[in-house]
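Only a predicted model underlies this, so the values are computations on that prediction, with no experimental measurement involved. Below, read A as the first sequence line, B as the second, and so on, with proteins coming before strands; counting in each chain starts at 1.
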Amino acid sequence: MLKRSFIGEIVSEKESLKGSRVTVCGWVHRIRDLGRVKFLVLRDRTGFIQATLKAGVTPEEALQAAEDLRLESVVCVSGLLSEAPTKEGVEIKVESLKVLSSPVEPLPLEPEGSEKAALPVRLKYRWLDIRNPKVSSVFEFEAFVARVFREYYTREGFVEIFTPKIVAAGTESGAEVFPVLYFDKTVYLAQSPQFYKQFAVIAGLERVFEIGPVFRAEPHHTARHLNEYHSLDIEVGFIEGYDDVMNYVEGFFRELAKRMEEDEVARKAMEAHGAEPPRIPASGIPRVTMREAYEILRERFHKVIPEGEDLDGEAEKMIAAYAHEEYDSDFIFVTEYPWKVRPFYTMRKSGEPEWTYSFDLLYRGLEVVTGGQREHRYNKLLENLKSKGLDPRSFQFYLDFFKHGAPPHGGAGMGLERIVMQSLGLSNIREARMLPRDTERVMP
RNA sequence: GCCGCGGUAGUAUAGCCUGGCUAGUAUGCGGGCCUGUCAAGCCCGUGACCCGGGUUCAAAUCCCGGCCGCGGCGCCA
């Protein structure tokens with residue numbers, strides 16, 4: 001490794017480092033050339049620092065090297081850290097400057113202010129876009145969310161699992177999957193770890209979680225869908241009801257909100273995006289049943305959704321507004337979805353089989369989590385399949401899991417990119433993905 | 001899949017409605033001046049109307065088709 005210090009560390013320890021020799025490596029962010037004196041602003045992942053060169057003071061070799069610099073050249077600079085009237089309060093008086101590489105053509109996109117460019121341009125030249133600290137902070141934040149997820153569920157006694165992404169059958173009826181040529185067979189990219197996280201619970205791991213990619217072959221054209229995204233999945237056995245699952249989901253979001261207040265990386269990202277940690281009332285995230293939601297929509301918003309139908313996007317925003325106004329909450333659970341709109345493995349409500357033990361969680365008006373209790377009784381599962389008009393033979397491998405003792409269980413799937421999007425107030429989910437895959441885009 | 005909106009230098013935009021352009025501005029890029037800048041400044045230069053057809057004396061501008069992009073619905077996280 002090159003001997004260098006992160007700029008952020010130098011700046012935060014500037015008092016003790018003043019007068020000593022430091023080396024930093026990074027990109028040339030700005031060049032301010034006044035003729036006999038030149039100021040370079042260098043950037044690495046951790047921050048900015050000014051490097052100063054003066055004719056007659058700086059060694060000739062370094063002055064020569066600086067002649068060829070352009071924006072986004074990659075350099076290493078050594079010199080004395082000195083007090084200066086810069087934003088950081090210090091600058092490096094250059095003693096040596098080494099150019100590691102320079103752009104071979106004009107920049108198609110300037111990192112500074114790249115977020116003002118059109119999204120397709122940003123995605124085409126994503127390596128330049130992400131050099132913009134505001135943009136890279138999105139991915140540092142994403143890593144933070146995944147870390148909190150992993151730490152929270154690990155602490156709650158969940159085991160991290162790694163399920164196959166190459167599968168023989170889709171998970172849910174009607175959902176589109178990508179076919180893949182697997183030797184001489186056609187198989188599919190997993191559109192959910194659903195079956196395998198249940199497998200792990202039934203296999204005796206009891207409480208499991210997974211962070212992994214899922215693939216959806218839906219040709220949607222919206223600002224909140226990707227054809228490849230990351231699912232934060234949990235599945236837990238020996239539950240008494242789907243409330244237990246919601247409690248685990250709520251626990252995670254409480255932890256996330258709390259750590260967004262404390263964590264340095266998260267705070268930096270939120271500051272860059274003008275975002276605030278989500279509000280969760282002390283009494284808990286409000287929970288309304290679907291039938292209560294219909295009533296709220298009718299009475300407060302004069303919007304009628306027929307009994308047994310799903311909420312549309314507008315209705316979700318209205319329910320979110322209700323949660324905000326009534327409970328000062330950025331989240332709300334909608335529960336007991338109609339059987340009609342839920343997949344076959346969902347447990348139907350006892351005595352009211354047209355409704356289910358399931359829920360969605362809305363975060364600032366967008367669905368970010370779906371979950372519920374699963375049907376663990378073999379015979380009921382068969383009935384469910386038939387009720388959906390599905391052929392049990394196509395799901396026999398899955399049904400077999402339930403033949404030899406399956407505890408009552410449930411779980412949830414959360415969209416990582418959507419959580420990032422809603423937390424930072426991004427306007428397009430593609431911004432929450434380093435290299436998004438959508439209906440047209442598979443490069444870079 | 002259906003529907004709607006949009007394509008002007010590398011990037012971001014003005015002009016389009018109401019046809020008259022030698023297509024303006026900022027930034028980048030190339031060159032020059034400048035010893036304390038911090039979005040440095042100043043001067044010179046460079047570079048664009050998505051493609052095809054139509055209307056017209058005249059099309060960036062109006063019409064039609066194509067291509068590309070965007071996002072609303074549906075579906076979902």
Undergrad: Looking at the side chain of A:Ala117, which of B:G28, B:G10, B:U11 is the nearest nucleotide?
TA: B:U11

Undergrad: Between B:U35, B:G74, B:C34, which one does the side chain of A:Val37 approach most closely?
TA: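 The answer is B:U35, which lies nearest to the side chain.
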
Undergrad: Going by salt bridge (charged side-chain N to carboxylate O under 4.0 Å, His left out), A:Glu354 matches just one of A:Arg348, A:Lys340, A:Lys349. Which one?
TA: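 Exactly one option meets the salt bridge (charged side-chain N to carboxylate O under 4.0 Å, His left out) with A:Glu354, and it is A:Arg348.
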
Undergrad: Could you tell me whether the side chain of A:His225 has a donor or acceptor atom within less than 3.5 Å of a complementary atom in the base of B:C75?
TA: yes

Undergrad: Are a donor atom and an acceptor atom from the side chains of A:Thr52 and A:Glu91 found within less than 3.5 Å of each other?
TA: yes

Undergrad: Hey, is A:Tyr229 doing a stacking thing with B:A77, by the 5.5 Å centroid and 30° angle criteria?
TA: yes

Undergrad: Report yes or no: is there a donor-acceptor pair, N or O only, under 3.5 Å between the side chain of A:Arg418 and the base of B:C76?
TA: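 Side chain to base: pair present.
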
Undergrad: Is it the case that the side chain of A:Glu210 and the backbone of A:Thr163 share a donor-acceptor pair, with hydrogens and angles ignored and the cut-off at 3.5 Å?
TA: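 At least one qualifying donor-acceptor pair exists.
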
Undergrad: A:Ala223 side chain: which of B:G36, B:G71, B:G10 is closest?
TA: B:G71

Undergrad: Quote, to the nearest angstrom, the P distance that separates B:G15 from B:G20.
TA: 13 Å

Undergrad: With rounding to whole Å, what would you report as the distance between B:C17 and B:C62 at their P atoms?
TA: 5 Å

Undergrad: Please output the side-chain donor-acceptor pairs of residues 413-420 of chain A that fall under 3.5 Å, not counting sequence neighbours, one pair per line with the distance.
TA:
residue: A:Glu417; atom: OE1; partner: A:His230; partner atom: N; Å: 2.9
residue: A:Glu417; atom: OE2; partner: A:His230; partner atom: N; Å: 3.3
residue: A:Glu417; atom: OE2; partner: A:His230; partner atom: ND1; Å: 3.0
residue: A:Arg418; atom: NE; partner: A:Arg224; partner atom: O; Å: 3.2
residue: A:Arg418; atom: NH1; partner: A:Glu367; partner atom: O; Å: 2.9
residue: A:Arg418; atom: NH2; partner: A:Arg224; partner atom: O; Å: 2.9

Undergrad: I'd like the P distance from B:A12 over to B:G69, given in whole Å.
TA: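 Nearest-Å result for B:G69 against B:A12 at atom P: 16 Å.
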
Undergrad: On the six-membered ring of A:Tyr229, is A:Arg433 placed so that its NZ or CZ lies under 6.0 angstrom from the centre and within 45° of the ring axis?
TA: no

Undergrad: Dot-bracket for RNA chain B: what is it, with Watson-Crick or G-U pairs under 3.5 Å, [ ] where a pair crosses earlier ones, and | for a pair to another strand?
TA: (((((((..((((......[...))))((((((.......))))))...(((((..]....))))))))))))....

Undergrad: Taking any heavy-atom pair under 4.0 Å as a contact, classify A:Thr370: base, sugar-phosphate, or nothing.
TA: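 It contacts sugar-phosphate atoms only.
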
Undergrad: Is there a donor and acceptor pair, one atom on the side chain of A:Glu105 and one on the base of B:G28, closer than 3.5 Å?
TA: no

Undergrad: To the side chain of A:Glu110, which of B:A12, B:G71, B:U27 is closest?
TA: B:U27

Undergrad: Please report the shortest heavy-atom distance between A:Glu250 and A:Phe333, naming the atom on each side.
TA: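 A:Glu250 and A:Phe333 have their closest heavy atoms at OE1-CE1, 3.9 Å.
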
Undergrad: Nearest to the side chain of A:Gln50, which nucleotide is it out of B:A77, B:G72, B:U37?
TA: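 Among the listed nucleotides, the one closest to the side chain of A:Gln50 is B:U37.
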
Undergrad: Is the positively charged end of A:Lys388 above the ring of A:Trp339, judged by distance under 6.0 angstrom from the centroid and angle within 45° of the axis?
TA: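 Checked: cation-pi criterion met.
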
Undergrad: Can you tell me how far P in B:G47 sits from the matching atom in B:G41, rounded to whole Å?
TA: 24 Å

Undergrad: How far does the C1' atom of B:G10 sit from the matching atom of B:C29, given to the nearest Å?
TA: 9 Å

Undergrad: Provide the distance between the two P atoms, one in B:A59 and one in B:G32, to the nearest whole Å.
TA: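 B:A59 and B:G32 have their P atoms separated by 42 Å.
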
